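Notes to accompany the following structure.
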Number of protein chains: 2
Amino acid sequence: MTLTIHEAATTTGWSPRMLRYVEQLGLVEPARSKAGYRLYGPAQLQRLRTLRSLLETHGVELGDVGFALRLRREPELTAALDTWFDTTPAAPEGVPDGDWLAFEQDKHQHLLHR
Amino acid sequence: MTLTIHEAATTTGWSPRMLRYVEQLGLVEPARSKAGYRLYGPAQLQRLRTLRSLLETHGVELGDVGFALRLRREPELTAALDTWFDTTPAAPEGVPDGDWLAFEQDKHQHLLHR
DNA sequence: GCGGCCCTGACACGACCCTGTTAGGCTCGG
DNA sequence: CCGAGCCTAACAGGGTCGTGTCAGGGCCGC
């Protein structure tokens with residue numbers, strides 16, 4: 001029930017080279033035989049096929065998916081990005097600039113070290 | 001209370017060229033004067049500075065932040081990535097492969113069209 | 001035991017990203 | 001009105017990404 005890299009390549013539409021690259025990005029990691037051969041099971045094949053359609057239908061690059069993976073593995077990075085995006089793009093009215101800057105910096109401080 | 005692009009550049013550590021590039025990525029979009037001049041207010045300056053530290057401390061590229069922005073603007077892309085990542089990396093035991101594949105595809109279907 | 005796979009590592013090469021720089025034209029302030 | 005600064009558009013060059021291909025060396029099945 002496991003395919004060699006060349007077999008997996010032909011049934012999923014990737015090239016063997018790309019399968020190794022995808023593995024290097026941490027996206028699909030096949031099991032290994034005792035001698036080090038990559039062994040692709042049904043789960044990996046399915047993942048490879050859905051990955052392919054994901055790229056096509058959303059116009060995404062492999063590197064982008066790699067970055068999304070990084071986001072999952074580094075919640076603090078995700079948090080930092082979230083606070084950055086959520087920072088009000090315009091200063092609230094009635095608040096002096098200095099105070100507002102201090103407020104925002106404080107907010108970031110808390111969120112980063114939570 | 002608004003700075004011209006060159007002034008904003010010197011106080012934030014970016015180059016004018018980069019400020020235009022950052023704007024093009026949709027990350028920091030300054031107001032415009034009637035004649036089309038970019039006008040950076042305190043909010044934009046703060047955003048530029050925090051962006052800079054974000055890149056340094058997390059070893060992230062501008063393009064990555066751009067992709068994160070894209071994720072916020074395209075929830076369906078985020079959903080697609082989530083379901084892909086959450087696909088069990090190994091088939092559950094006791095379930096024939098065919099059934100499991102069907103189950104996963106069905107799950108994706110639902111999640112995508114929710 | 002040998003032909004055909006697989007492994008890792010490396011080079012190659014186009015495409016695109018990042019950043020600076022320049023050109024040509026408009027705008028601001030004194 | 002004139003010098004300094006802004007605008008857009010374009011080119012340029014070093015860097016990285018995606019992908020193929022090759023070399024040198026193990027592993028597998030008949």
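These numbers were taken from a predicted model, which means no experiment stands behind them.
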Taking A:Gln44 for its side chain and A:Gly41 for its backbone only, find out whether a donor-acceptor pair lies under 3.5 Å. yes
Nucleotide of C:dC7, D:dC7, C:dC28 approaching A:Tyr37 most closely (side-chain heavy atoms): C:dC7
Given the structure, check if the side chain of B:Tyr21 and the base of C:dG20 hold any donor-acceptor pair shorter than 3.5 Å. no
To the nearest Å, give me how far apart CD1 (B:Ile5) and C1' (D:dG5) are. 11 Å
B:Gln24 has an atom CD; how far is it from atom C1' of C:dC18, in whole Å? 11 Å
From OH of B:Tyr40 over to C1' of D:dC7, roughly how many Å is that when rounded to an integer? 12 Å
Counting heavy atoms from C-beta on, name the nucleotide in C:dT8, C:dT27, D:dC6 closest to the side chain of A:Arg38. C:dT8
Is the shortest heavy-atom distance from the side chain of B:Leu51 to the side chain of B:Thr12 under 4.5 Å? no
Less than 4.0 angstrom between a side-chain N/O of B:Arg20 and OP1 or OP2 of D:dC7, yes or no? yes
For B:Leu39 and D:dC6, what is the distance between atoms CG and C1' respectively, to the nearest whole Å? 11 Å
Would you find a donor on one side and an acceptor on the other, under 3.5 Å apart, between the side chain of B:Thr4 and the backbone of B:Glu7? no
Linking I/L/V/M/F/W/Y whenever any side-chain heavy atoms sit under 4.5 Å apart, do B:Leu19 and B:Leu39 land together? no
Length of the line joining B:Phe67:CZ and D:dC17:C1', which is rounded to integer Å: 15 Å
Nearest-angstrom distance from the residue atom CG of A:Leu62 to C1' of C:dC16: 15 Å
Rounded distance (Å) that lies between atom P of D:dC27 and atom CZ of A:Arg32: 14 Å
Would you say that A:Val65 contacts A:Leu25 through its side chain, given a criterion of any heavy-atom pair below 4.5 Å between the two side chains? no
Using OP1 and OP2 only, check whether a side-chain N or O of A:Ser15 sits under 4.0 Å from D:dG20. yes
Check the distance between D:dC17's P and A:Asp64's CG and give it to me in whole angstrom. 12 Å
For the side chain of B:Arg17 and the base of C:dT21, is some donor closer than 3.5 Å to an acceptor across the two? yes
